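Worksheet: the structure to be examined is printed underneath.
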Amino acid sequence: NAKDSGKNKFKFYCPNLNDKIQEEFILENNLRDVLNKDEFFLNYQPIVDINTQKIIGMEALLRWNHPKLGLIPPDKFIPVAENSGFIIDIGKWVLKNACIQAKKMHDLGINIFISVNISVNQLKEENFIEYVSKILKETGINPKYVDLEITESISMENIDYITDVLNKLKYLEVNISMDDFGTGYSSLGQLKNFYISKLKIDRSFIKDIYIDSNSTAIVSAIIAMAKNLNIKVVAEGVEANQQLKFLKDNGCEMAQGYLFSPPVDLQNMENAIKNQIKKNYAE
Ligand code: C2E
Ligand code: MG
Ligand code: MG
Ligand code: MG
């Protein structure tokens, strides 16, 4: 499957270095001053309003192009960056650059939101609110167009601290999205306790919408529940028209996936907005 092949491109030059520990060691050492070397760049994936078929947002997805190791997927290096603490500086870089690009679009009259993935380690960092606030000021972006996507479940021991951080983010007027919804430990608990404006249904549920009646039931229940909680819903990993039609019929507001576009560079993202979605998907 050509769509999945990107995930498997990453190979080390030395064939004996299969060991996960060694792999992580190498990645960690190479991550050390990666921000000074222009090896990082951002791709953007459109998020589409299911009813109007228009692009209303984009997710920034980090890419690492290493001169020797090649393109390393985020699923490989983000966990290493989290464990080594580099995620703090990397996260700042991502948020800043994503906001700069989105603000440039806003200045051209393209008012789409920017979604940025935030690791829980960033949320826990004591200066997090300060630097979000600083980046908002420096870039001049309207915070209503900024979405922070949070993935991992937030452990109960930090619940008071995280609740406080999320409330401060609310005060800064940025939006919080629950990413990969349905896969964590306490997703429902998080909706009850935290200020969340959007949830993104994990693509593992969307994948089987048409094959597996359990997925069908789960997805329609998530959409219905979110409606009652006043939370917007994005379906992730939408690849087929049938999936989109199901989502539309069940009142899901937004979709993201290869059906519309894979993550692309800024130039192609801008072109996609200019051309909008010419096809009609779920008629
Ligand atoms: P995510 O935030 O859930 O991002 C969506 C992932 O699904 C992306 O993988 C995207 O390329 C992929 N995807 C989108 N549409 C489809 C589809 O229709 N089918 C399939 N099979 N896949 C689709 P990607 O770019 O490899 O990123 C993987 C994960 O790495 C992200 O998952 C996110 O958790 C993490 N990540 C990426 N960039 C950052 C970042 O800047 N900071 C942090 N902390 N994490 C990041
Ligand atoms: Mg995400
Ligand atoms: Mg996701
Ligand atoms: Mg994820």
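This is a predicted model, so every value here is computed, not measured. Atoms within each ligand, like the ligands themselves, are counted from 1 in listed order.
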Worksheet entry | Value rounded to 0.5 Å, distance of CD1 in Ile129 from CG in Leu172 |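 That separation rounds to 5.5 Å.
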Item to complete: For the pair Tyr145 and His106, name the ring-plane relationship: parallel under 30°, tilted 30 to 60°, perpendicular over 60°.
Response: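 Aromatic pair Tyr145/His106 classed tilted.
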Does any N or O of ligand 1 fall below 3.5 Å from an N or O anywhere on [X], backbone included?
X      : result
Thr151 : no
Leu62  : yes
Glu236 : yes
Gln122 : no

Ligand-residue contact atoms, ligand 1 with [X], heavy atoms, under 4.0 Å:
X      : value
Gly237 : 16 (C), 17 (C), 18 (O)
Ser119 : 44 (N)
Gln45  : 14 (C), 15 (N)
Glu239 : 17 (C), 18 (O), 19 (N), 20 (C), 21 (N)
Gly257 : 15 (N), 18 (O)
Asp179 : 1 (P), 2 (O), 3 (O)

Worksheet item: Angle at the Mg ion (ligand 3) between OD1 of Asp179 and OE2 of Glu236, to 10°?
Response: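 About 90°, to the nearest ten degrees.
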For ligand 1, is there an atom lying under 4.0 Å from some heavy atom of [X]?
X      : value
Glu59  : yes
Glu82  : no
Arg203 : yes
Pro263 : yes

Would [X] and [Y] count as having a side-chain donor-acceptor pair, cut-off 3.5 Å?
X      : Y      : result
Asp265 : Asn268 : yes
Lys200 : Gln256 : yes
Asn142 : Glu173 : no

Worksheet item: Hey, are Glu270 and Lys274 close enough for a salt bridge, meaning a charged N less than 4.0 Å from a carboxylate O?
Response: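 Here Glu270 does not pair with Lys274 in a salt bridge, since their nearest N and O are not under 4.0 Å apart.
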Worksheet item: Under a 4.0 Å N-O cut-off, is there an ion pair linking Glu149 with Lys198?
Response: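 Answer for the salt bridge query: no.
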Worksheet entry | Quiz item: cation-pi between Lys92 and Tyr131, 6.0 Å / 45° |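 Ring-cation test returns yes.
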Heavy-atom pairs closer than 4.0 Å: do any link ligand 1 to the side chain of [X], the backbone, both, or neither?
X      : value
Asp180 : side chain
Ile78  : side chain
Lys76  : neither

Practice prompt. Please report the C-alpha distance between Asn250 and Val219 in whole Å, then the side-chain angles of each, then the deciding distance to 0.1 Å, and finally whether the side-chain contact (heavy atoms from CB on, under 4.5 Å) criterion is met.
Written response: CA-CA 9 Å; Asn250 281 271; Val219 170; over 6 Å; no
Practice prompt. Measuring from the Mg ion (ligand 2), name the closest N, O or S atom belonging to Glu149.
Written response: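 For Glu149, the N/O/S atom sitting closest to the Mg ion (ligand 2) is OE1.
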Discussion item. Among the N/O/S atoms of Glu59, which is closest to the Mg ion (ligand 2)? Give the atom name.
Written reply: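 Per the distance ranking, Glu59 contributes OE2 as its closest N/O/S atom to the Mg ion (ligand 2).
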Worksheet item: Is the gap between the ring centers of Tyr171 and Tyr195 under 6.0 Å?
Response: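 For Tyr171 and Tyr195, the ring centres are not under 6.0 Å apart.
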Fill in: Nearest non-hydrogen partners of Asn121 and Ile88, listed with the distance
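For Asn121 versus Ile88, the nearest heavy atoms are O-CD1, 3.7 Å.
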Fill in: Taking every non-hydrogen atom, the tightest pair across Ile206 and Glu236
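Scanning both residues, the minimum pair turns out to be CG1-O, 3.1 Å.
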Fill in: Name of the Asp180 atom (N/O/S only) found closest to the Mg ion (ligand 3)
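Closest N, O or S atom of Asp180 to the Mg ion (ligand 3): OD1.
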Item to complete: Go through Ile72 and Leu69 one step at a time and tell me if the side-chain contact (heavy atoms from CB on, under 4.5 Å) criterion holds.
Response: CA-CA 7 Å; Ile72 306 167; Leu69 304 174; 4.0 Å; yes
Practice prompt. Could you tell me whether the Mg ion (ligand 2) has an N, O or S atom of Asn117 under 2.8 Å away?
Written response: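 Yes, Asn117 qualifies, because one of its backbone or side-chain N, O or S atoms lies under 2.8 Å.
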Worksheet entry | Asp38 atom CG: more than 12 heavy-atom contacts under 6.0 Å |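 It does not: Asp38 CG has 12 such atoms or fewer within range.
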Fill in: Option nearest atom 39 (C) of ligand 1 (shortest heavy-atom distance, choices Asn117, Asp202, Ile150)
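Considering heavy atoms of Asn117, Asp202, Ile150, the nearest to atom 39 (C) of ligand 1 sits in Asn117.
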